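Note: hydrogens, waters and symmetry copies are ignored here, and every other heavy atom, side chains too, is used. A, B, ... follow the sequence lines: proteins, then strands. Residue 1 opens every chain. It should be emphasised that the depicted structure is a prediction, and the values quoted were computed from it without experimental measurement.
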Protein chains: 2
Amino acid sequence: MDQGQGALTQLRAYLAQRDLPANTRLPPERELCDILGVSRGELRKALAVMESNGELWRHVGKGTFIGTRPAKEYSDVAGIAALTSPREVMQARLLIEPQIAREAALNATAGDIAELRQCMQASRQAQTWRQYENCDNRLHRTVAEAAHNTVLLALFDTLNAVRRAVVWGRLRDKVDRPPKDHHSFKEHELLVKAIEERDMDGASQAMLRHLSQVQANLLAARQAAE
Amino acid sequence: MDQGQGALTQLRAYLAQRDLPANTRLPPERELCDILGVSRGELRKALAVMESNGELWRHVGKGTFIGTRPAKEYSDVAGIAALTSPREVMQARLLIEPQIAREAALNATAGDIAELRQCMQASRQAQTWRQYENCDNRLHRTVAEAAHNTVLLALFDTLNAVRRAVVWGRLRDKVDRPPKDHHSFKEHELLVKAIEERDMDGASQAMLRHLSQVQANLLAARQAAE
DNA sequence: AGCCTAACCAATTCTTGATTGGTTCCGCAA
DNA sequence: TTGCGGAACCAATCAAGAATTGGTTAGGCT
């Protein structure tokens with residue numbers, strides 16, 4: 001009679017005795033058989049019960065672990081890029097980056113602000129669009145760094161990586177250098193100024209306006225291409 | 001003489017001749033030395049110039065590549081989790097999720113709203129904290145789905161994965177079931193209602209208030225534990 | 001029919017050696 | 001003294017093969 005559920009009770013006793021924390025790997029099945037004195041078939045039945053019960057999870061080649069199966073980490077940049085569009089990326093930037101700028105205004109150090117100014121100066125002196133874009137990217141990332149929040153920075157990097165992957169094939173035909181009155185110059189200036197003055201709303205709005213301009217330019221460029 | 005910049009001009013000629021596309025790996029330095037008939041030191045000087053110029057990038061163990069250095073894909077959830085703290089994660093949620101809720105209010109379909117209501121109902125009927133948290137997670141993710149923006153959804157998933165990883169070792173001691181007057185019930189109600197009424201500001205504020213409550217509870221729990 | 005054992009499969013991890021950019025040191029010559 | 005060339009060494013990375021592990025199947029035994 002006890003034989004039917006024997007493996008399960010033995011396994012439960014084994015686990016209860018050690019009180020293992022979640023995400024702990026327990027010995028491979030072949031060893032556990034010997035330890036518990038049960039055949040592998042019976043052990044696997046017991047494991048199947050506990051797995052369906054959400055008490056542990058298994059994976060080929062990895063092993064058997066305590067707790068619930070970890071959610072699939074949906075952060076494969078290439079995968080995201082394949083599913084989305086420039087429009088969605090721009091929309092996400094419009095929602096996320098102003099919030100990051102707001103936080104940057106609160107937490108930026110003097111060093112951060114100095115680097116922001118350096119980025120602006122470098123972007124004005126850029127000789128090619130390629131160099132300008134490097135400076136622009138660096139400025140936006142410095143804002144994200146100035147927020148001094150690792151998670152926000154990581155999310156920004158992910159968003160940025162997706163953006164680059166999506167517009168991968170784009171080519172900036174014009175070999176001209178950026179014009180001296182490029183709209184971004186003034187917008188960046190306002191953004192950095194707001195951050196420097198700890199004006200959270202101002203920084204958020206400056207970033208929003210800047211990205212709106214970028215979006216407008218993208219749309220214009222797309223229509224001009226047709 | 002020509003000798004001073006010789007390596008650089010030789011390298012430029014080599015590259016111009018092949019017109020390699022971006023992201024192409026060029027031969028290892030030791031081979032390139034022989035090909036160009038230059039010493040490694042000189043070659044490395046030339047490479048350093050071109051790298052600082054943004055024309056190529058190098059990495060130990062990988063090689064030298066044409067184009068700009070790809071932003072390190074910060075999508076390793078475990079890596080982020082190791083560098084951050086629950087406080088930062090909570091702060092990021094407070095900045096990001098209200099914006100997602102705003103977008104959800106604009107784009108949610110009838111199906112989305114039906115699923116949101118289903119999540120709420122299920123959370124009220126939860127018998128254990130475990131079940132309740134599943135419902136809560138699903139509700140928040142459904143809001144992110146309702147925004148109908150692949151990038152936003154991916155960012156939400158990343159943030160969520162980090163959150164789970166950070167509070168990994170947490171243990172919900174209380175085996176009690178969630179109380180009937182749990183604060184989240186009313187807050188979820190207001191959130192879903194705002195989304196249903198296409199009230200973008202309302203949805204954003206409802207999400208903000210809800211997360212603020214969650215944050216307050218976390219702090220209270222932490223202080224109680226001391 | 002049910003069980004144990006053994007063998008095999010595919011996914012994953014571990015191990016080992018080779019590759020590669022970065023650095024240091026010594027000798028030599030201008 | 002200064003600078004260049006060559007060689008050796010270092011740490012990060014990659015690549016290929018061996019070993020591990022959960023999942024499955026087949027045969028023999030009670």
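- Picking from C/dT12, C/dT23, D/dG22 the nucleotide with the shortest atom distance to the side chain of B/R44 gives C/dT23.
- Between the side chains of A/H140 and A/N160, no donor N or O sits under 3.5 Å from an acceptor N or O.
- Nucleotide C/dG21 holds its P atom 13 Å from the CG atom of B/L11, rounded to whole Å.
- Taking atom CD on B/E31 and atom C1' on C/dA18, their separation rounds to 14 Å, with Å as the unit.
- Taking the charged nitrogens against the carboxylate oxygens, A/R164 and A/E133 have no contact shorter than 4.0 Å, which rules out a salt bridge.
- When each of D/dT21, D/dG6, C/dC3 is scored by its nearest atom to the side-chain atoms of A/S39, the top-ranked nucleotide is C/dC3.
- Residue B/R40 places its side chain closer to C/dG22 than to any other of C/dG22, D/dG23, D/dG5.
- Between B/F185 and B/Y132, the ring-plane angle classifies as perpendicular under the 30° and 60° cut-offs.
- With hydrogens and angles ignored, no donor-acceptor pair under 3.5 angstrom links the side chain of B/R30 to the base of D/dG6.
- Listed candidates were D/dT13, C/dT12, D/dG5. Nearest to the side chain of A/H59 is C/dT12.
- Between A/K45 and A/E42, at least one side-chain nitrogen of the basic residue sits less than 4.0 Å from a carboxylate oxygen of the acidic one, meeting the salt-bridge criterion.
- The side chain of A/E42 sits closest to C/dC3 out of C/dA11, C/dC3, D/dG22.
- Using a 4.0 Å cut-off, some side-chain N or O of A/T64 falls inside it from OP1 or OP2 of D/dG22.
- Along DNA chain D, the nucleotide closest to B/G61 and the one closest to A/E29 are compared, and the more 5′ of them pairs with B/G61.
- For the pair A/L43 CG and C/dT5 C1', the computed distance is 15 Å after rounding to whole Å.
- Listed nucleotides D/dA11, D/dG22, C/dT12 differ in distance to A/K62; the shortest reach to its side chain belongs to C/dT12.
- Under the 4.0 Å criterion applied to side-chain N and carboxylate O atoms, B/E145 and B/R141 are assigned as salt-bridge partners.
- Rounded to a whole Å, the NZ atom of B/K45 is 15 Å from the C1' atom of C/dT23.
- Minimum atom distance to the side chain of B/R58 is reached by C/dG21, of the listed C/dC4, C/dG21, D/dG23.
- Between the CH2 atom of A/W57 and the C1' atom of D/dG23 there is a distance of 15 Å, given to the nearest Å.
- With the nearest nucleotide of DNA chain C identified for both A/V38 and B/G63, A/V38 has the one nearer the 5' end.
- To the nearest angstrom, P of D/dT21 lies 17 Å from CD of A/E51.
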